[in-house]
Amino acid sequence: MARSLRTIAWYEQKLKWYLEQEGGHQTLDRLTPFEVKSLMASLQERGISANNDHGIFRVVRSFATWAGRGGYPVDPGLLKG
């Protein structure tokens, strides 16, 4: 699927933000559903807008899905509906 440069930049911004956070995991084996839930709780505690925190969640999940399709080991819990 082709994505516009604007969409790619948006994804990159959200993923970069996640990776720069304390506790942001830089390897797929440490990215688990628990970690994503912790990320979401942290965002809510900080008062990040619902639109922004949902965007970050979508990007992290999309990255996990992309990696799984590419044959990288991904926690199956991240790939559920």
- Message: Checking L78 against L31 for the side chain to side chain contact (heavy atoms under 4.5 Å, CB included) test, could you report, in this order, the C-alpha distance in whole Å, the side-chain angles of both residues, the deciding distance, and whether it holds?
- Response: CA-CA 8 Å; L78 291 171; L31 182 60; 3.7 Å; yes

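Residues S62 and W66 form no side-chain contact, since every pair of their non-hydrogen atoms from C-beta on lies 4.5 Å or further apart.
In this structure a side-chain-to-backbone donor-acceptor pair under 3.5 Å is missing from S42 to S38.
Looking only at atom types and distance, the side chain of T7 has a donor-acceptor partner in the side chain of S4 under 3.5 Å away.
Scanning both residues, V74 and A67, for their nearest heavy atoms gives CG2-CB, 3.8 Å.
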Let me have the donor-acceptor pairs involving side chains of residues 8-16, under 3.5 Å, with sequence neighbours excluded, atom names and distances please.
{"from": "K14", "atom 1": "NZ", "to": "N52", "atom 2": "OD1", "distance (Å)": "2.5"}

